[in-house]
Visitor: 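I'd like to ask you about the structure that follows.
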Amino acid sequence: MTERYAVVVVGGGAAGMSAALVLGRARHRTLVVDAGEPRNAPAAHMQGYLSRDGMPPAGFLAVGREEIARYGVELVRDRVVEVEKGEDFAVVLAGGRTVRARRLVIATGLRDELPAVPGVAERFGRDVLHCPFCHGWEVRDQPFGVLASSPASVHQALIVSQWSKDVRFFLHTVAEEELSDQDLRRLAAAGVDVVPGEVAGLVVEDDRLTGVRLAGGTSSGGGTTHARSVLFVAPRPVPQTGLLERLGAELHETPFGAYPVVDPTGLTTVPGVWAAGNAIGFAEQVVHAASGGYRAASAIVGDLLMTDLDAAVQEQRPFSSRNAASARAGDLTADHDVRV
């Protein structure tokens, strides 16, 4: 028989495990399917999460896995390759297993596509950074570089000037005339130096960034190296929305990619399917993702309850979700007697 769950959570990051924690505590049989590819894996620490400030991301996830296990939540290291919608959802895993779920939480996050500059990918999460709120304090007052990927990168250069007064804005492939007069005035007011010319690569000595090297052969000081110990970049976010698209979820375009249309609880336009974390937006930090997972799960708990109550009323029978769950779950122990 195909295993049946109340909820399958796709993605085991902060959003997915937060949802699973709430669902497990509400006594719903829950499965988390996690491919083990968290977005913040390159970072040595995460910041700005009250009580968890400075905690390594891997440690954070390890604690989360321990916590959800206390409530009978199952976690499998696998990848969801297909979801079929019928009376419930048939969830097909890459390993060949198929399970069924009454509700889904999609917490598949996004992938960062880094600028194609030699050395950037290798240093990303160390001294090549993208979020000053995540890492600015740790590198404060050091010589910063900001690599432009579009005229919108001016905003990043201005923001990081809060953490250092030595900031150079490398235009890279952006022409100076693409910047507005207001952009240039703001950069000057913030003390940010604008450096024309394409960046050829990074200079690394003793496993640390020491400079940003421009391409040679230009009239603007090409081939020169600017001493920098931190470089901020703006990765292109690639939302992982494949499952949502195949389910028919409506997406909306943003400057950072297409994301599902959701209500305040994370419910998508597909009945029974919620989304949370970076699956719904580029700017969802770990603390936001955890909150989104919590909201989605609490909404699902209420949705399942009302669905079952309405079915009981229609069938003119008494409602006992715990007894029904025992019969359906079959081999679960009394301690983990959960509702499906």
Side-chain angles (χ1 to χ4, degrees), residues 37-44 57 109-136 138-139 142-161 163-164 166-180 183-184 187 190 192-205 207-218 220-240 253-259 278 281-285:
E37 300 171 353
R39 181 189 179 195
N40 61 359
L110 59 81
R111 176 173 54 83
D112 288 312
E113 191 174 275
L114 295 166
V117 172
V120 164
E122 292 80 3
R123 308 300 303 177
F124 188 58
R126 301 167 69 186
D127 36 33
V128 173
L129 309 169
H130 79 290
C131 174
F133 296 100
C134 303
H135 303 287
E138 285 66 40
V139 296
Q142 296 183 39
F144 286 3
V146 178
L147 181 71
S149 54
S150 76
S153 294
V154 168
H155 179 74
Q156 187 179 37
L158 294 172
I159 288 292
V160 304
S161 70
W163 284 269
S164 174
D166 183 1
V167 180
R168 293 182 189 175
F169 183 41
F170 296 97
L171 292 182
H172 190 41
T173 56
V174 176
E176 190 168 0
E177 53 267 26
E178 293 184 64
L179 306 186
S180 69
D183 288 338
L184 293 171
L187 289 165
V192 176
D193 295 328
V194 177
V195 182
E198 187 170 351
V199 171
L202 308 184
V203 179
V204 178
E205 298 174 357
D207 197 29
R208 62 186 183 88
L209 178 67
T210 60
V212 175
R213 182 172 51 84
L214 298 184
T218 72
S220 56
T224 58
T225 295
H226 294 255
R228 302 286 92 184
S229 56
V230 179
L231 180 67
F232 283 91
V233 301
R236 186 177 79 88
V238 182
Q240 309 282 63
E253 290 291 338
T254 78
F256 305 104
Y259 296 89
N278 283 136
F282 167 73
E284 298 293 293
Q285 304 285 10

Visitor: Between Q156 and V233, is there a donor-acceptor pair closer than 3.5 Å when you use the side chain of the first and the backbone of the second?
Guide: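 Yes: the side chain of Q156 pairs with the backbone of V233.
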
Visitor: Between D112 (side chain) and P235 (backbone), is there a donor-acceptor pair under 3.5 Å?
Guide: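 Side chain of D112 to backbone of P235, a donor-acceptor pair under 3.5 Å: no, none is there.
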
Visitor: If you compare all heavy atoms of G281 against all heavy atoms of Y259, which two are closest, and at what distance to 0.1 Å?
Guide: N-CD2, 3.4 Å

Visitor: Using side chain to side chain contact (heavy atoms under 4.5 Å, CB included) as the criterion, point out the one residue from V139, L129, D166, L231 that pairs with F144.
Guide: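 Among V139, L129, D166, L231, the one that satisfies the side chain to side chain contact (heavy atoms under 4.5 Å, CB included) with F144 is V139.
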
Visitor: For the atom pair CD (Q285) and CG (N278), what is the distance rounded to the nearest 0.5 Å?
Guide: 8.0 Å

Visitor: Counting C-beta onward and ignoring hydrogens, is there a side-chain heavy-atom pair between P115 and L147 closer than 4.5 Å?
Guide: yes

Visitor: My understanding is that only one of V128, T210, D127 makes a side chain to side chain contact (heavy atoms under 4.5 Å, CB included) with L202; could you say which?
Guide: V128

Visitor: Looking only at heavy atoms, which two atoms of S161 and V192 are closest? And how far apart?
Guide: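 Smallest heavy-atom distance, with atoms named: CB-CG2, 4.2 Å.
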
Visitor: Please determine whether side-chain contact (heavy atoms from CB on, under 4.5 Å) holds for the pair F169 and F232, giving the CA-CA distance in whole Å, both sets of side-chain angles, and the decisive distance to 0.1 Å.
Guide: CA-CA 9 Å; F169 183 41; F232 283 91; over 6 Å; no

Visitor: Considering all heavy atoms of both residues, which atom of L114 and which atom of A121 are nearest to each other, and what is their separation?
Guide: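 Where L114 meets A121 most closely, the heavy atoms are CD1-CA, 3.7 Å.
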
Visitor: Is a side-chain N or O of H172 found less than 3.5 angstrom from the main chain of A148, in a donor-acceptor match?
Guide: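 No, the answer is negative, given that no donor and acceptor are paired below the 3.5 Å cut-off.
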
Visitor: Mind listing the closest non-hydrogen atom pair of A227 and P143 along with its distance?
Guide: O-CB, 4.0 Å

Visitor: Drop me the distance from R111's CZ to R236's CZ, to the nearest 0.5 angstrom.
Guide: 7.5 Å

Visitor: Look up atom OG in S229 and atom CZ in R208, then write down how far apart they are to the nearest 0.5 Å.
Guide: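 Answer rounded to 0.5 Å: 8.0 Å.
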
Visitor: On a heavy-atom basis, which atom in P118 and which in A200 lie closest, and how many Å separate them?
Guide: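 Closest approach of P118 to A200: CD-O, 3.3 Å.
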
Visitor: Do L171 and V195 have side chains that approach each other closer than 4.5 Å (heavy atoms only, starting at C-beta)?
Guide: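 L171 vs V195: side chains apart.
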
Visitor: Which heavy atom of R213 sits nearest to which heavy atom of G223, and what is that distance?
Guide: CG-O, 4.4 Å

Visitor: R123 side chain to D207 main-chain N or O, any donor-acceptor pair under 3.5 Å?
Guide: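 At least one qualifying donor-acceptor pair exists.
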
Visitor: How about T254 and F282: do any of their side-chain heavy atoms sit closer than 4.5 Å?
Guide: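 A side-chain contact under 4.5 Å is absent here.
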
Visitor: Over 60° means perpendicular and under 30° means parallel, so tell me whether W163 and F133 are parallel, tilted or perpendicular.
Guide: perpendicular

